[in-house]
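Notes follow once the structure below has been shown.
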Amino acid sequence: MTTTTTSTAGTTQAPAQAALASEHPPRLPFAERHPAFYKAMIGLEIAASKHVDPTLYELVKIRASQINNCAFCLDMHTKDALAAGESVQRIVQLSAWRESRHFYTERELAALALTEAVTVLTDGFVPDEVYAEAARHFDETELSHVIGAIVTINAWNRIAVTCRFTPGHYTPGAYKR
């Protein structure tokens, strides 16, 4: 938030910049403390990314990270998506994709609905209609890869949120898939 102040002489001074909150430190250097698990997660990431359109892959990762409140993964995947040419508008609208359907393909919409259903599991299962819509747009192999991508980002979100990975320092492409 910035404010502009005026002196008693009537001249305008530069806006005052409010100090930002301090950055929280990570709780745990997870990869250092459990390298075998981290290596297995990297293996999942590599397997999950195969045969999934890179644009769709980042949309899925961003949407799951929004739902899971994972700031670190949001930072990473929005930067990667932008670096790959994704539009700011589609990324900004992603949290309200049902109201912004016209920004996405039917295939992307089906993947986003599946992402939400797998991420939240409010009914204890993925609704048949959500799965059927995804199956209409993806063959079984493609659908398996999309599900793998959803499951993998949910695992990463849980690690990053629990260990409190710090957002804001990621450089696009730092982790090649």
Main chain of Lys50, side chain of His145: is a donor-acceptor contact present, judged purely on distance under 3.5 Å?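 Side chain of His145 to backbone of Lys50, a donor-acceptor pair under 3.5 Å: yes, one is there.
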Passing option when His77 is tested against Glu58, Gln66, Arg63 for side-chain hydrogen bond (donor to acceptor under 3.5 Å, both in side chains):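 Single pass found, and it is Glu58.
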Answer whether the closest heavy-atom distance between the side chains of [X] and [Y] falls below 4.5 Å.
X      : Y      : answer
Pro25  : Thr166 : no
Val126 : Leu114 : yes
Tyr131 : Ile147 : yes
Ser49  : Lys61  : no
Ile153 : Cys73  : yes
Tyr170 : Asp80  : yes

Establish whether [X] and [Y] are linked, either directly or via other cluster members, by ILVMFWY side-chain heavy-atom contacts under 4.5 Å.
X      : Y      : value
Ile67  : Ile62  : no
Leu94  : Val88  : yes
Met76  : Leu82  : no
Leu56  : Val151 : yes
Val161 : Val120 : no

Looking at [atom1] of [X] and [atom2] of [Y], how far apart are the two atoms once the value is rounded to the nearest 0.5 Å?
X      : Y      : atom1 : atom2 : answer
Thr115 : Leu109 : OG1   : CG    : 11.0 Å
Ile46  : Met41  : CD1   : CE    : 11.5 Å
Asp139 : Ser144 : CG    : OG    : 8.5 Å

Which heavy atom of [X] sits nearest a heavy atom of [Y], and at what distance?
X      : Y      : value
Ala83  : Pro172 : CB-CB, 3.7 Å
Asp75  : Gly168 : OD2-N, 2.9 Å
Cys70  : Asn157 : CB-ND2, 3.5 Å
Ala111 : Val60  : CB-CG2, 4.3 Å
Pro167 : His24  : CD-NE2, 4.3 Å

Taking the six-membered ring where the residue is Trp, are the ring centres of Phe37 and Trp156 under 6.0 Å apart?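 Centroid distance Phe37-Trp156: not below 6.0 Å, so no.
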Mind checking what makes side chain to side chain contact (heavy atoms under 4.5 Å, CB included) contact with [X], not counting sequence neighbours?
X      : result
Arg33  : Leu28, Pro29
Glu86  : Thr55, Leu59, Ala81, Arg90, Ile91
Arg107 : Thr105, His137, Phe138, Glu142

Walk me through whether Arg101 and Glu106 qualify under salt bridge (charged side-chain N to carboxylate O under 4.0 Å, His left out). CA-CA 8 Å; Arg101 297 177 59 84; Glu106 290 298 321; 3.6 Å; yes
Please step through side chain to side chain contact (heavy atoms under 4.5 Å, CB included) for the pair Phe165 and Ile159, ending with a clear verdict. CA-CA 8 Å; Phe165 291 1; Ile159 292 167; 3.8 Å; yes
Report the C-alpha separation of Glu116 and Thr119 in whole Å, then their side-chain angles, then the decisive distance to 0.1 Å, and conclude whether the side chain to side chain contact (heavy atoms under 4.5 Å, CB included) test is met. CA-CA 5 Å; Glu116 289 188 1; Thr119 300; 5.8 Å; no
Distance-only polar pair, side chains of Glu108 and Trp97, donor-acceptor under 3.5 Å: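 Looking only at side-chain atoms, Trp97 and Glu108 do not form any donor-acceptor pair under 3.5 Å.
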